2 protein chains.
Amino acid sequence: MPKVRGATMSDVAREVGVTAKTVSRVVNGDGPVAEETRARVLEAMARLGFRPNLLARNMRVGARDSTVGLVIPDMGNPFFGTLAGGFETAVRSRGLTLIVGSSNETSELERSLISTFLARRVTALLVVPSADSEHRSLRAERAAGLPVVFLDRPAAGVTADCVVSANREGARAGVAHLIAHGHRRIAFIGDSPKLYTRRERFQGYRDALAEAGIPFDRALVEIGHDHEAAAAAVGRVLGGTAPATAVFAANNFAATGAVLGLARLGRRDVALVGFDDLPLAEVLDPPLTVVAQDPAEIGRAAAGLLMSRLDGDRSKARTVVVPTRLVARGSGELPAP
Amino acid sequence: MPKVRGATMSDVAREVGVTAKTVSRVVNGDGPVAEETRARVLEAMARLGFRPNLLARNMRVGARDSTVGLVIPDMGNPFFGTLAGGFETAVRSRGLTLIVGSSNETSELERSLISTFLARRVTALLVVPSADSEHRSLRAERAAGLPVVFLDRPAAGVTADCVVSANREGARAGVAHLIAHGHRRIAFIGDSPKLYTRRERFQGYRDALAEAGIPFDRALVEIGHDHEAAAAAVGRVLGGTAPATAVFAANNFAATGAVLGLARLGRRDVALVGFDDLPLAEVLDPPLTVVAQDPAEIGRAAAGLLMSRLDGDRSKARTVVVPTRLVARGSGELPAP
DNA sequence: ATGAAAGCGCTAACAT
DNA sequence: ATGTTAGCGCTTTCAT
């Protein structure tokens, strides 16, 4: 294993015939340094390929590591990727670097990642909590002043800052859109009810029905964890004596599954609104109407929350709700028969 | 700004009435410690909420920081996200943490990120180089033993390990697939020729034509940087006196643009093969045939390369080519008229 | 304008 | 089985 040790300040100092402290002054531009000395130091730095060791600096200064730890379920999911990107861009100017890990929605990996991040003395912690995790252990860290923000879903076990989408209101708006086009039999296809986002969106669905005075029908509620399950669910809600005329798909998989299911059935008369946008939504036939989330904004909001905490804001935990936006493209505007 | 300073080994030691070194022994389980001492140390650690400071440890041990710096153009792009995920999973067991930054395809941000990572003394550096960047400055780091791997595209200025998709061969296979279905007038819609991946894929396109003895026709080559441009390009190659009967879309945008363009023209008779898979490919009508890349495998391959370097492999720079896979779904199997 | 000494939190290499 | 000393690379605090 090669020693990758680079030149240190002392190395540079020795070259020039000064002390490490002088080099430090040149590097950080604080104390006064003679022009000629500075020049020679800079020259030696360049010649030796010196890079100041940021970790040693942080340690001596007593600062935490200039990183923010982010735990997301899956880096390949563009929702979380975009969120991370929005956050990173927003904190970059503050000199913070993003360190990420994916939990695969398991509480074990999540715990282990958080633990690593804390051992690294991250400046702040951002977590998309997995379904079954709890975070009592973070109370002490929070009490000690470590900013903690939960993303996309609130956490169990701690009260902490949190940024979520307007799931309930977004779903309400999506379903109201279908109702406005004359539908009264609207199916809901979503995740398992144990998921926070599904519960919220389901509430929004019921809100919209209630507002319009449409009775709730259990038979129109289906679970579809993946494409195929959702496609099958579409078949069920479209059958029976009082079939649905419209579908509200409460997540990405449900939406694409619904598209697939409708295509297989050759049904071009069923209205469809999905929750969360898809890159190909507009090339579908008909183009898919969705309730779009704004993951980059969730990241930015988290960054804002975090930075205000770093600036000394000790007020009680806040929850930021990031608005969704109804994007009407065609599939949701099919009229009721 | 709150002091988030946690308990140190000395704090724990003082509590128990031993020396820091003893606590260190307990934490790292190296030297011998009396059962009773160990118990009391553990108790004190728990009580004080002690977390060993990994950064201080790495510094003292003379190890580099246990992170790998990864520079990608865009975290929201699932290709890079999946790549990062594949890498992260593969190196996790080695105790390496991923630190990421996005360059937005700009050489300035890329340079700045690399610089930050080097200042943090990352264990290794992974870069998806932006088009106009050059990395001469990394020669010294490489020479000093820092593992550097370029991803998706080779870099200018340094010879280093590199992992890329089988762009040329993949494109060749995709176009050959169209030829096998009787097409002889096959359009190529892709990025600007200054991009490495486009150049490779274009070569593959020409390889396939040459193999089949089909003359190359400049008029069938179009640039489409985004959906709309690609959709428009489709219109052009389908017009004229000798229109295309099939389209090879050399990237994601070109592929979705082509789908859009064909839909707008109401053309269901034109065969289409895209390069790089899409989550919705199978719900399109007809389902989209693609040459799928394997971003997770690119990440894993990079991890493998990297770890062998960390294990002392000093052999000359290697380039790993990750195979692509033709996924026939329907759009590519439409027969030539 | 520059330097000397001490120490951030931890551990290597010795003691004892 | 435990403690001492020194020092990783840097910066603080005081000198000079």
Side-chain angles (χ1 to χ4, degrees), chain A residues 3-42 44-45 48-66 95 116 118-123 144, chain B residues 3-42 44-45 48-66 95 116 118-123 144:
Chain A
K3 276 268 164 298
V4 200
R5 269 284 190 6
T8 73
M9 278 197 176
S10 320
D11 295 335
V12 177
R14 197 175 319 113
E15 278 285 304
V16 182
V18 293
T19 294
K21 178 65 222 189
T22 302
V23 179
S24 168
R25 283 197 254 262
V26 172
V27 169
N28 298 293
D30 44 47
V33 180
E35 250 327 306
E36 197 231 316
T37 316
R38 144 176 282 102
R40 285 169 53 220
V41 167
L42 288 173
M45 279 176 30
L48 299 185
F50 169 77
R51 304 240 184 209
N53 184 327
L54 190 58
L55 302 174
R57 170 171 220 289
N58 281 340
M59 179 162 157
R60 173 64 243 231
V61 174
R64 299 189 65 90
D65 186 34
S66 51
T116 305
L118 292 175
R120 296 188 52 83
R121 299 297 190 266
V122 290
T123 293
Chain B
K3 275 271 164 297
V4 200
R5 266 285 189 6
T8 72
M9 279 196 175
S10 319
D11 295 335
V12 177
R14 197 175 320 113
E15 279 285 303
V16 182
V18 292
T19 293
K21 179 66 220 188
T22 303
V23 179
S24 167
R25 283 198 255 261
V26 171
V27 170
N28 299 292
D30 44 49
V33 180
E35 251 326 308
E36 197 230 319
T37 317
R38 145 176 280 104
R40 287 169 49 220
V41 167
L42 288 172
M45 278 177 26
L48 299 185
F50 170 77
R51 306 241 182 207
N53 185 326
L54 190 58
L55 302 173
R57 170 173 220 288
N58 281 338
M59 182 162 155
R60 170 65 244 227
V61 175
R64 298 191 64 91
D65 186 34
S66 52
T116 305
L118 292 175
R120 296 189 52 84
R121 299 298 190 269
V122 290
T123 294

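Quick caveat: nothing in here was measured; it's all calculated off a predicted structure.
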For B/Asn58, side chain to side chain contact (heavy atoms under 4.5 Å, CB included) partners two or more places apart
B/Leu54, B/Ala63, B/Asp65, B/Ser66

Could you tell me, to 10°, how much the axis swings from one end of the helix from C/dA1-D/dT16 to C/dT16-D/dA1 to the other, five pairs per end?
40°

What's the shortest heavy-atom distance between A/Arg38 and A/Val26, and which atoms?
CA-CG2, 4.1 Å

If you take all heavy atoms of A/Arg51 and B/Leu118, which pair is closest and at what distance?
NH2-CD1, 3.2 Å

Which nucleotide of DNA chain D is the first, and which the last, in the 5' to 3' direction, to come under 4.0 Å of a heavy atom belonging to chain B?
D/dA1 to D/dG9

Partner residues of A/Arg57 under the salt bridge (charged side-chain N to carboxylate O under 4.0 Å, His left out) criterion, sequence neighbours left out:
none

For chain A and DNA chain C, what are the first and last nucleotides along the strand, 5' to 3', with at least one atom under 4.0 angstrom from a heavy atom of the protein chain?
C/dA1 to C/dG9

Interface residues of residues 13-34 of chain A with DNA chain D (non-hydrogen, below 4.0 angstrom):
A/Lys21, A/Ser24, A/Asn28

Using a heavy-atom cut-off of under 4.0 Å over every strand shown, decide if A/Thr37 touches base, sugar-phosphate, or nothing.
sugar-phosphate

What side-chain donor-acceptor pairs closer than 3.5 Å can you find for residues 7-16 of chain B, not counting sequence neighbours?
{"from": "B/Thr8", "atom 1": "OG1", "to": "B/Ser10", "atom 2": "N", "distance (Å)": "3.3"}
{"from": "B/Thr8", "atom 1": "OG1", "to": "B/Asp11", "atom 2": "N", "distance (Å)": "3.3"}
{"from": "B/Thr8", "atom 1": "OG1", "to": "B/Asp11", "atom 2": "OD2", "distance (Å)": "3.4"}
{"from": "B/Asp11", "atom 1": "OD1", "to": "B/Arg14", "atom 2": "NH2", "distance (Å)": "3.4"}
{"from": "B/Asp11", "atom 1": "OD2", "to": "B/Thr8", "atom 2": "N", "distance (Å)": "2.8"}
{"from": "B/Glu15", "atom 1": "OE1", "to": "B/Arg47", "atom 2": "NH1", "distance (Å)": "2.7"}
{"from": "B/Glu15", "atom 1": "OE1", "to": "B/Arg47", "atom 2": "NH2", "distance (Å)": "3.2"}

Nearest-0.5 Å distance that lies between atom CG in A/Asn53 and atom CZ in B/Arg121
4.5 Å

In chain order, what residues pass the side-chain hydrogen bond (donor to acceptor under 3.5 Å, both in side chains) check against B/Arg25, with sequence neighbours excluded?
none

DNA chain D nearest-nucleotide lookup for B/Met59 and B/Arg38: closer to the 5′ end is B/Arg38

Does the side chain of A/Arg40 reach to within under 4.5 Å of the side chain of A/Val18, using non-hydrogen atoms?
no

